[in-house]
Protein chains: 2
Amino acid sequence: MPAGKRDHLIDTALRLFAAEGFHAVGIDRVIAEAGVAKMTLYNHFRTKDELIVAALERRAERFLAWFTHRVEAATEDPRQRLLTVFDVLAEWYRGRGPEPRRFTGCAFQNAAAEFHDPAHPAHAAANAMKRGTRGYVRGLAEAAGFDDPGAVAAWWLVLIEGATAVAHQLGERDAALTAKAAAATLLDAQAPS
Amino acid sequence: MPAGKRDHLIDTALRLFAAEGFHAVGIDRVIAEAGVAKMTLYNHFRTKDELIVAALERRAERFLAWFTHRVEAATEDPRQRLLTVFDVLAEWYRGRGPEPRRFTGCAFQNAAAEFHDPAHPAHAAANAMKRGTRGYVRGLAEAAGFDDPGAVAAWWLVLIEGATAVAHQLGERDAALTAKAAAATLLDAQAPS
DNA sequence: GGACAAATAGACAGACTTGTCTATCTATTC
DNA sequence: GAATAGATAGACAAGTCTGTCTATTTGTCC
């Protein structure tokens, strides 16, 4: 089971990094919690940074899968889906998101905060994830027939990031509802053509 | 000049922490760049955490002073000031904010990202700063005669945090204009009573 | 000039960091 | 059953981290 150990390491690292931060959690913590020898880790990942990037990639994959599934299960109407986005965020803030469940802010916001250099692979992973999110919203806005789906997607990303930051920093888990109310007002003003 | 060294240490720490992160910058870096002996630092601050908190407090003070001054110098009309907020953010993202000038995201978002525990004094400082920002916006909304100034302030904080996060993570310095367009639309929909 | 407070350089402790290495063990496959 | 690949524990290197300590020098006020 060569992929088994690797998978387990990524999951363990993801959980620890999310809970305590990338710098704060050392390699020794990861292998201890994973119950794995140090050489096993360094056999699968050349450096800690590589493990961090693998963890972020898994997070992006898993989160987007969960997120889009929740949005699409709620309603078929594209316009409604644009609003449902914020209900799904509320679920996430309340600890009903994908593993790991405890809400400690957006892992990608946190990664960008710890690795300021845009050239750092962890920062680049955050960049890619946010573009992915915006692209998804843009697809919803296109399906809803909006004149300028790019503008809607740009607004939505600002609202999503803002709600997530407020929920984390202020511990206000209903920040998603604040953002939803703003989003609803914006949708009414920017009616589909 | 007993306060001189202390001030200089706080400024140096603020600059380094903002540029590279709180965990990534060690005490030795701070004292080397400040040109100060280690015991001078530990004479003024009992621990590194105390230095971090002092740096964040100075940042909050200096940033809010700059921010409110820029908003209020632009226009006297409270409604217009609510929109000017985003022009001032754009200045900040473009490196025309208070010292230290280089934009590396919001120091308080970054602090909350590195210190997840809400009980940690650095996280608490971030919390206080955001409440201060929201309180200021609320004052503007009150002066503009809005029915529910608290709701406007909540929306604005989400837009501000979101624009700042997008500007930092995606390097999109015009995120403030995206937020401003959304804010203008919201203001039109939520006219003063 | 003498006294007192503050700052200095630098050694030091003890713990922690990433990453390497070795020598042993285990499991699968031929 | 033998060979091969992967995992194991743990020592180890070389450096970093925070925080303490000492012994000396500097600057200011009387």
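To find a chain, count down the sequence lines: A is the first, B the second, and so on, and within it residues start at 1.
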### Message
Tell me which residues in residues 10-24 of chain A lie within less than 4.0 Å of DNA chain D, going by non-hydrogen atoms.
### Response
none
### Task
Measure from CZ on B/Arg29 to C1' on D/dG19 and round the result to the nearest Å.
19 Å
### Query
Whole Å only: how far is the CG atom of B/Asp49 from the C1' atom of D/dG19?
13 Å
### Query
Between B/Ala37 and A/Val25, which has a closest nucleotide on DNA chain C that is more 5'?
B/Ala37
### Task
Specify the separation, in whole Å, of atom CD1 of A/Ile27 and atom P of D/dC12.
21 Å
### Exercise: do A/Gln109 and B/Gln109 side chains pair donor with acceptor under 3.5 Å
no
#### Entry: A/Met39 side-chain proximity, nearest of D/dA7, D/dG10, D/dT18
D/dG10
### Message
Whether the side chain of B/Lys38 and the base of C/dG10 hold a donor-acceptor pair under 3.5 Å is what I'd like checked.
### Response
no
### Message
Can you see if the side chain of A/Thr47 gets near the phosphate of C/dT18 - specifically, an N or O under 4.0 Å from OP1 or OP2?
### Response
no
### Query
Tell me: CZ of B/Arg46 to C1' of D/dT20, nearest whole Å?
15 Å
### Query
Separation of B/Phe45 atom CZ from C/dA6 atom C1', in whole Å?
15 Å
### Task
State whether a side-chain donor-acceptor pair under 3.5 Å links B/Thr47 with B/Tyr42.
no
### Query
Do B/Phe115 and B/His23 have ring centroids that are under 6.0 Å from one another?
yes
### Query
Rounded to whole angstrom units, what separation is found between the CD atom of A/Glu50 and the C1' atom of C/dG19?
13 Å
### Message
Rounded to whole Å, how long is the line connecting atom CD1 of A/Ile31 with atom P of C/dT20?
### Response
14 Å
### Query
Distance check: side-chain N/O of A/Asn43 vs OP1/OP2 of D/dA7, anything under 4.0 Å?
yes
### Query
Below 6.0 angstrom between ring centroids: does that apply to B/His8 and B/His44?
no
### Query
Mind checking whether A/Tyr136 and A/Leu64 have side chains closer than 4.5 Å, heavy atoms only?
no
### Message
Just N and O in the side chain of B/Thr40: are any of them under 4.0 Å from OP1 or OP2 of C/dA6?
### Response
no
### Task
Flag the pair B/Ile31 / B/Thr40 as yes when at least one side-chain heavy-atom distance between them is below 4.5 Å, and no otherwise.
no
### Query
In whole angstrom, what separates A/Tyr42's OH from D/dA9's C1'?
16 Å
### Message
Taking the six-membered ring for Trp, are B/Phe63 and B/Trp92 closer than 6.0 Å centroid to centroid?
### Response
yes
### Message
Considering every strand and a 4.0 Å limit on heavy-atom distances, what is the contact class for A/Asp28: base, sugar-phosphate, or nothing?
### Response
base
